[in-house]
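Below you'll find the structure I mean.
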Number of protein chains: 2
Amino acid sequence: MSHNEKASLKSIAEKFGISVSTVSRVLSGKARQYRISTKTEELVREEADRLGFSPNQIASSLRLKRTRTLGLLIPDISNSFFASVARSVEVEARKRGYSIILADSQENEKIEQETIRLLKSRNIDGLIVAPVGQISEHLEKLHKGGLPVVLLDRYFPNTDLPFVTSDNYKGAFEATEYLILKGHEKIACVGGLPDTSTCIDRRKGYRDAMEKHGRSLDESMIVGDDFGEENGYIESKLLLQRNKKPTAIFTLGNLNAFGAMRAIVEEGLSIPDDISLISFDDYVHSAFLATPLTAVGQQMEAIGQFAVKLLYNQLDSASTAKSKGISLATQFNERASVKDLTPNK
Amino acid sequence: MSHNEKASLKSIAEKFGISVSTVSRVLSGKARQYRISTKTEELVREEADRLGFSPNQIASSLRLKRTRTLGLLIPDISNSFFASVARSVEVEARKRGYSIILADSQENEKIEQETIRLLKSRNIDGLIVAPVGQISEHLEKLHKGGLPVVLLDRYFPNTDLPFVTSDNYKGAFEATEYLILKGHEKIACVGGLPDTSTCIDRRKGYRDAMEKHGRSLDESMIVGDDFGEENGYIESKLLLQRNKKPTAIFTLGNLNAFGAMRAIVEEGLSIPDDISLISFDDYVHSAFLATPLTAVGQQMEAIGQFAVKLLYNQLDSASTAKSKGISLATQFNERASVKDLTPNK
DNA sequence: TTGTATGCGTTATCAG
DNA sequence: CTGATAACGCATACAA
């Protein structure tokens, strides 16, 4: 039956004694435009269906200089936040006929740079990237070189690279204010990679909330080197062993929060009785944690969709929309990890 | 400076008045083999570096009929199990010079089939797939058509498609036996998509453990339609409202477990005092759950690595290794979600 | 309504 | 040691 060498426009054309162009036109939906006879069109269509044939995208890409492929470069796809965003990106991209080449930079700048080069050599039409470091040159160069780029989660303030992120400032501000209104004075801010926009904005939200409410700003309460669990653990542990412990910890990322929990448990303390905890990044199953965690949720699905949309605006030359960047609202999910220290009225 | 049209073998060749072939040879590391003069080689190398140029993979792919691209088709990349496996696959594949086109079938057979077609038209060199349904024809056809395929997580017993999965039978057997040894009689088995190998094997493990220990096998205690949270919730809820409630629930997947927890909480019961819970699939942060969850862990990273390795065996024509399938050991993680019902000695 | 011819950028073959 | 050339499969300008 199907012992053909390998289907192609040519093989189909030969089978019916017609030309490759005709087959190409039919299969790329241009039968109308070229006024191909219904008979011919049918013939080709049926044969293609029978063979399960679709034109070779590689050849097409070479010819059209367009691969309909997007690069998605993520620091850690096993992190639930990024996994959710990635899913959204993939689904949204496929809707528009684009495939996703996934790459994991493993939170490593060098891998990020190498991978970008790799992706470029694969002729992606656009790149969605959650950058690892604070260096933006390589991305700006790409962008200026004509490759559509959209930043995810983190952005670079001094560039015009479009981005999609949450309103990190406001989310952090609200979380901190919530703690303050619950009567907390000594609030620690734990975790985050210091030079990333996410960390900077969240810390600023924290600071401004403290100031607004006249809380003294103890800089030694703002600690953290990255978004990892280990860092949350270490910094929390140190904080908890001080003379003047904080009464609340605000972690800047979901992994930081789990590290903090580990430290808290290890110190024999409990949440929220001994110490309150709030985290940026909500967790799918936060409600089932030992103490249901109060957290700042992000709109992962929307982030992914916007990223694709912003990229699409750049891909579609007709589009005039030149969005610079988008901040999405966060959601404050109050659960049970914060103790109310205000005197009962 | 770099206001070149677009770098290519040709543009570089012209710049130095040499031939495209020579440039190609240098840049594909065949300078030695073709005994290119050191001078020429240097020249080309430097220029390529200066431009950050790598040969166009699309053109190369067309010529070589090999894309160095693998398809990774997953039912839900936002599920932490698959996210971890995906990360491992991507890292392992990149090590070997392969890129990953990620596709999410959204637990939908139709999307799976369409996507496979899409991936094929993109000329992937191999496919790693965690199939949604119980239909294997499309995959067998692919495989017989010469496309290397490796199944992930689930396999089809009556085919010779190579697979990587956990030892689901043994993991489930151990979990069930553990419950029995803790004195449980009425043990429910909740969740799982009935016709998948994972579900079948896990249920068989459950059944055999029950039988081995002379427990009556109440078929109405084996319930579930899929691996989702909602199904875990519904089935658990129904079980808990029976006259003769189970004293323990064994869920067949991580999402099922969260559904079960939700039902348990909603019924005003507590784990493990009122009901014990064990789940297949461990959870990164199971230890921090309200009741630290006893669970059967899988080796996500190894699964991903093996998948790539098995695929690689097929890609590498020189290889004789024709592995049929691999089962990886599970790990039983005892925590605190199971109550000991045995009389104190 | 259809066909012919060209080129996309690369690699392999063959020829020097 | 190097070069010219053909071919990979497709899409389009041009021709009929």
Side-chain angles (χ1 to χ4, degrees), chain A residues 4-45 47-48 51-69 97 120-125, chain B residues 4-45 47-48 51-69 97 120-125:
Chain A
N4 331 38
E5 306 281 301
K6 182 73 182 174
S8 68
L9 296 188
K10 194 174 162 205
S11 71
I12 295 181
E14 277 167 358
K15 168 149 190 174
F16 299 120
I18 59 182
S19 81
V20 182
S21 336
T22 303
V23 181
S24 171
R25 282 159 185 154
V26 170
L27 261 31
S28 52
K30 289 175 184 149
R32 260 291 144 63
Q33 183 185 332
Y34 282 93
R35 317 188 6 167
I36 307 283
S37 75
T38 322
K39 202 170 56 187
T40 312
E41 183 179 357
E42 286 291 293
L43 219 57
V44 173
R45 280 242 141 78
E47 178 68 2
L51 299 172
F53 170 81
S54 348
N56 182 331
Q57 295 268 3
I58 297 295
S60 171
S61 293
L62 181 60
R63 175 66 228 253
L64 297 176
K65 296 170 172 307
R66 198 184 34 144
T67 55
R68 291 203 171 276
T69 300
K120 228 179 52 180
S121 81
R122 288 186 173 269
N123 298 59
I124 51 173
D125 291 343
Chain B
N4 331 37
E5 306 282 301
K6 181 73 182 173
S8 69
L9 296 188
K10 196 174 162 206
S11 71
I12 295 180
E14 277 167 357
K15 168 148 189 175
F16 298 119
I18 60 182
S19 80
V20 183
S21 325
T22 302
V23 181
S24 171
R25 281 161 186 153
V26 170
L27 262 29
S28 53
K30 288 177 185 149
R32 261 289 144 65
Q33 184 184 331
Y34 283 92
R35 318 187 6 165
I36 308 283
S37 75
T38 322
K39 202 170 55 185
T40 312
E41 184 181 355
E42 285 291 292
L43 220 56
V44 172
R45 280 242 141 78
E47 178 69 2
L51 298 173
F53 171 80
S54 348
N56 182 330
Q57 295 268 4
I58 297 295
S60 171
S61 293
L62 180 61
R63 177 63 228 252
L64 297 176
K65 295 171 173 302
R66 199 183 34 144
T67 55
R68 291 205 170 276
T69 300
K120 229 180 50 181
S121 81
R122 288 187 173 267
N123 296 60
I124 52 173
D125 291 343

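The figures here come from the full heavy-atom set of this structure, side chains too, leaving out hydrogens, waters and symmetry mates. Each chain gets a letter, A, B and so on, in the order the sequences are listed, and its residues count up from 1.
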Out of dG3(D), dT2(C), dC10(D), whichever nucleotide has its closest atom nearest the side chain of Ser21(B)
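Taking heavy atoms from C-beta onward, the closest nucleotide is dG3(D).
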Roughly how far, to the nearest 0.5 Å, is OG1 of Thr69(B) from CD1 of Ile124(B)?
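OG1 of Thr69(B) is found 8.5 Å from CD1 of Ile124(B).
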Nearest nucleotide by nearest heavy atom, which residue falls closer to the 5' end of DNA chain D, Lys65(B) or Gly17(B)?
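Here Gly17(B) is the residue nearer the 5' end.
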Phosphate-side-chain proximity, Lys6(B) and dG9(C), N/O vs OP1/OP2 below 4.0 Å
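Answer no for this pair, as no side-chain N or O of Lys6(B) is under 4.0 Å from OP1 or OP2.
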Considering every strand and a 4.0 Å limit on heavy-atom distances, what is the contact class for Leu9(B): base, sugar-phosphate, or nothing?
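Since a base atom lies under 4.0 Å of Leu9(B), the category is base.
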Indicate yes or no: at least one non-hydrogen side-chain atom of Gln33(A) is less than 4.5 angstrom from one of Arg25(A).
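The answer is no; the side chains never approach within 4.5 Å.
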For Ser61(A), report the nucleic acid contact type (base, sugar-phosphate, nothing); a contact means any heavy atom under 4.0 Å.
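Nothing: the residue Ser61(A), judged by heavy atoms under 4.0 Å, touches no strand.
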Does Leu62(A) reach a base, just sugar-phosphate, or nothing at all? Heavy atoms under 4.0 Å.
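Contact class for Leu62(A): base.
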Is there side-chain contact between Phe53(B) and Leu9(B), with at least one heavy-atom pair below 4.5 Å?
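Side chain of Phe53(B) against side chain of Leu9(B), heavy atoms only: contact under 4.5 Å found.
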Touch check for Ile18(A), heavy atoms < 4.0 angstrom, all strands: base, sugar-phosphate only, or nothing?
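The residue Ile18(A) makes sugar-phosphate contact but no base contact.
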Within the structure shown, what part of the strands sits under 4.0 Å from Phe53(A) by heavy-atom distance: base, sugar-phosphate, or nothing?
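Contact class for Phe53(A): sugar-phosphate only.
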Calculate the interatomic distance between Arg25(A) atom CZ and dA13(D) atom P; express it in whole Å.
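After rounding, the gap between these two atoms is 10 Å.
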Looking at OG1 of Thr38(B) and CZ of Arg45(B), how far apart are the two atoms once the value is rounded to the nearest 0.5 Å?
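Rounded to the nearest 0.5 Å, the OG1-CZ separation comes out at 11.0 Å.
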Within the structure, does a side-chain N or O atom of Ser60(B) lie under 4.0 Å from either OP1 or OP2 of dT10(C)?
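Ser60(B) to dT10(C) OP1/OP2: no side-chain N or O under 4.0 Å.
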With a non-hydrogen cut-off below 4.0 angstrom, is Val20(A) in contact with a base, only sugar-phosphate, or nothing?
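Result for Val20(A) = nothing.
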Side-chain N,O (Ser37(B)) to OP1/OP2 (dT2(D)) below 4.0 Å
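For dT2(D), OP1 or OP2 has a side-chain N or O of Ser37(B) closer than 4.0 Å.
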Any Lys30(A) side-chain nitrogen or oxygen under 4.0 Å from OP1 or OP2 of dT12(D):
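So the side-chain polar atoms of Lys30(A) do come within 4.0 Å of the phosphate oxygens OP1 or OP2 of dT12(D), strictly under.
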Counting any heavy atom closer than 4.0 Å, what does Ser28(A) reach on the DNA or RNA strands: base, sugar-phosphate only, or nothing?
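Here Ser28(A) touches no strand at all.
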When you check the phosphate oxygens OP1 and OP2 of dG9(C), does a side-chain N or O of Ser24(B) lie under 4.0 Å from one of them?
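So the side-chain polar atoms of Ser24(B) never come under 4.0 Å of the phosphate oxygens OP1 or OP2 of dG9(C).
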Is there a donor-acceptor contact under 3.5 Å from the side chain of Ser24(A) to the main chain of Val20(A)?
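No.
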For dC8(C), does OP1 or OP2 lie under 4.0 Å from any side-chain N or O of Arg63(A)?
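Arg63(A) to dC8(C) OP1/OP2: no side-chain N or O under 4.0 Å.
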